[in-house]
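The sequence lines fix the lettering, A, B, ..., with proteins before strands; numbering per chain opens at 1.
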2 protein chains.
Amino acid sequence: MRVLVVEDETKVGSFIKRALEEESYAVDLCEDGAQGLDLALTGSYDLIMIDLMLPGLPGMEVLTRLRKEKIQTPVLILTAQSKVDQRVKGLDAGADDYLTKPFAIDELLARVRALLRRGTAESSGTLQIDDLILNPATREVTRGGQRIELTVKEYALLEYFMRHAGRVLTRPMISDHVWNQDFDTFTNVIDVYVNYLRNKIDRGRARKLIHTIRGSGYMLKVD
Amino acid sequence: MRVLVVEDETKVGSFIKRALEEESYAVDLCEDGAQGLDLALTGSYDLIMIDLMLPGLPGMEVLTRLRKEKIQTPVLILTAQSKVDQRVKGLDAGADDYLTKPFAIDELLARVRALLRRGTAESSGTLQIDDLILNPATREVTRGGQRIELTVKEYALLEYFMRHAGRVLTRPMISDHVWNQDFDTFTNVIDVYVNYLRNKIDRGRARKLIHTIRGSGYMLKVD
DNA sequence: CTTCAACGACAAGAACGCGCATAGGTCATG
DNA sequence: CATGACCTATGCGCGTTCTTGTCGTTGAAG
């Protein structure tokens, strides 16, 4: 899942970025409203986080323009004041949630998870394909009841696969959501990580879940 | 479906080309405005993608000349700036859609699909002839409910057949849309691939769908 | 009806490129 | 310094794409 963070305070911004990256999100950080809007308009984010107090183009303006362009990506607003009218304005303008500073990082992570969950219809909280179960809240993965340990990147890839199970995922689609902007298209990192995942998830199992669609990409499914 | 991409940044251009080819489009890449115009004027493309910031002949000029020559091919404009007036000018000049860089490849593909769909008036999303069903979104093909696995080339050929079912398709028409411009006219690759398709689609079925029009070409239809 | 040329069907295999596996290198962390 | 995560690089196997050549079919002329 790729997240855009538009936050002018460098310290806060990089703090959020690090926290999110630890949780396997691909994060692009941007300290400028106008540039943030441009990035957001590409539509390749699964979540956008905007500080309302931005120099230049204010956060609220970014949000309204975004919605005007029919970008439906969930938006989480960060605001210094807890003034109610600020929040209301934000929600009216099309924000999906807000958070007042200072905030606990855990709460931020929880709200991020909630917003992303909303996107994938299922509200149960866990994702399941065959006997493979993934719990985004605890980042726990099991197959057949057996715990599977994944690295940050492996987890990010698997979560993306599970949220889009049964669909062909092309390499560009995968890099767009699992890696961040400075992804180098001309390497085979994706193949390598799919291979890592296969070793941990499919190796030795009767039912393979990760399938190669030659010439197109990959697909997670039960045959 | 054949696409012309006029883009001077080699990296961006080849990235787009690769992405489109993964989706079974035949892509011609061109880094020069004047040459791009020449190619576009041949009229054998289903979609044309033009960067506005070209050396020599600017993209906007290419577009206006194209429309002056009554070429109605859908045009998608690529622009570095998100400046509103650029977009407006482009649309006024006869472009069908625009995209600002940097863009998500998913969005580009979505817009390409939308433009091509508009052209063929098909809006349901899936194509169907008799009990043969093709779903462009998932690249899934079934006949009589039974899944059929196709290679990238076979799929491209079948999609072209289905989008022009009931009409005679000559070899030049087929090579123009399914292969790209460096196609060797003096081979029988087309016949060979039609044969492959027959094996997977018509072999053993009561109703044959692929018919040979001797001296002309092929045709997809129910008798 | 027979003959013949043109055209298409099909088989077999060569050439090519994709995806896989593995090894190694870099960087951050403790 | 040791470890693990992330990424790069490379060679190989195999599926895909294309070429080549032969055989079958069609339809018109003799």
Side-chain angles (χ1 to χ4, degrees), chain A residues 14 17-19 21-27 139 141 148-158 168-172 174-175 178-204 208 210-220, chain B residues 14 17-19 21-27 139 148-158 160 168-172 174-175 178-204 208-219:
Chain A
S14 54
K17 181 166 152 71
R18 286 187 55 162
E21 282 176 343
E22 256 175 43
E23 297 288 312
S24 294
Y25 298 100
V27 182
R139 294 174 28 89
V141 176
I148 294 175
E149 298 293 340
L150 297 178
T151 72
V152 172
K153 229 20 174 217
E154 289 164 357
Y155 174 86
L157 182 58
L158 179 60
V168 177
L169 303 176
T170 67
R171 273 159 241 272
I174 294 170
S175 63
V178 178
W179 274 263
N180 64 10
Q181 283 240 304
D182 37 1
F183 175 84
D184 182 2
T185 321
F186 301 99
T187 75
N188 68 336
V189 212
I190 294 178
D191 305 51
V192 170
Y193 269 82
V194 168
N195 186 34
Y196 289 162
L197 269 190
R198 279 195 167 125
N199 284 339
K200 295 189 177 182
I201 286 171
D202 279 346
R203 163 87 40 109
K208 309 295 183 195
I210 301 175
H211 302 270
T212 303
I213 314 299
R214 194 167 217 276
S216 298
Y218 297 97
M219 184 164 164
L220 188 74
Chain B
S14 53
K17 182 167 152 73
R18 285 182 55 163
E21 283 176 344
E22 270 185 31
E23 301 282 329
S24 295
Y25 299 101
V27 182
R139 283 184 32 115
I148 295 174
E149 300 291 342
L150 298 178
T151 72
V152 174
K153 244 341 181 250
E154 290 164 356
Y155 175 86
L157 182 59
L158 179 61
Y160 181 64
V168 178
L169 303 176
T170 66
R171 272 159 242 271
I174 294 172
S175 64
V178 178
W179 275 261
N180 62 12
Q181 65 184 351
D182 44 355
F183 177 84
D184 182 4
T185 322
F186 303 100
T187 76
N188 69 336
V189 212
I190 295 177
D191 305 50
V192 171
Y193 270 83
V194 168
N195 184 35
Y196 289 163
L197 270 190
R198 279 192 166 127
N199 284 338
K200 294 189 176 181
I201 286 172
D202 280 346
R203 161 89 36 110
K208 309 296 182 194
L209 296 180
I210 301 174
H211 302 271
T212 304
I213 312 300
R214 198 179 166 81
S216 301
Y218 298 96
M219 183 164 162

Would you say D:dT19 has OP1 or OP2 under 4.0 Å from some side-chain N or O of B:Thr187? yes

Do A:Thr212 and A:Arg198 touch side chain to side chain, with heavy atoms closer than 4.5 Å? yes

What is the distance from CD of B:Glu154 to P of D:dT16, rounded to the nearest Å? 8 Å

So, is A:Thr212 near the phosphate of C:dC18, with a side-chain N or O under 4.0 Å from OP1 or OP2? no

Rounded distance in Å - CG (B:Asp184) to C1' (C:dA15): 15 Å

Side chains of A:Val152 and A:Glu21: does their closest heavy-atom pair fall under 4.5 Å? no

Calculate the interatomic distance between B:Asp191 atom CG and D:dG21 atom C1'; express it in whole Å. 14 Å

Specify the separation, in whole Å, of atom NZ of B:Lys153 and atom P of C:dC18. 12 Å

Atom CZ of B:Phe186 to atom P of D:dG21: distance rounded to whole Å? 17 Å

Rounded to the nearest angstrom, tell me the gap between atom NZ in A:Lys200 and atom P in D:dG4. 11 Å

For A:Arg139, does the CZ atom have more than 12 heavy-atom neighbours from other residues, nucleotides or ligands under 6.0 Å away? yes

Could you check whether any side-chain heavy atom of B:Leu197 comes within less than 4.5 Å of a side-chain heavy atom of B:Leu150, counting everything from C-beta outward? yes

Is the distance from OP1 or OP2 of D:dT17 to the nearest side-chain N or O of B:Thr151 less than 4.0 Å? yes

B:Ile148 and B:Lys200 have their tightest heavy-atom pair at CD1-O, 3.6 Å

Base, backbone or nothing for each nucleotide of nucleotides 22-30 of chain D, written B, S, -, heavy atoms under 4.0 angstrom, 5' to 3'? ---BB----

Do the side-chain N or O atoms of A:Trp179 get closer than 4.0 angstrom to the phosphate oxygens (OP1, OP2) of D:dC6? no

Any B:Tyr155 side-chain N or O less than 4.0 Å from OP1/OP2 of D:dT17: no

Between atom CG in B:Leu197 and atom C1' in C:dG8, what is the gap in whole Å? 16 Å

Side-chain donor or acceptor of A:Thr170 paired with backbone N/O of A:Ser216 under 3.5 Å: no

Find every protein N or O atom lying less than 3.5 Å from an N or O atom of nucleotides 21-26 of chain C, and list the pairs.
unit_1, atom_1, unit_2, atom_2, d
C:dA21, OP2, A:Asn195, OD1, 2.4
C:dA21, N6, A:Asn188, ND2, 3.1

Find the distance A:Leu157:CG to D:dC7:P and express it as a whole number of Å. 11 Å

Going by heavy atoms in the side chains, are B:Tyr218 and B:Asp191 under 4.5 Å from each other? yes

So do B:Ile190 and B:Trp179 actually touch side chain to side chain, heavy atoms under 4.5 Å? yes

Below the 4.0 Å mark, does C:dC20 have OP1 or OP2 next to a side-chain nitrogen or oxygen of A:Tyr218? yes

Ignoring hydrogens and angles, tell me if any N or O in the side chain of A:Asp202 forms a donor-acceptor pair with the backbone of A:Lys208 under 3.5 Å. no

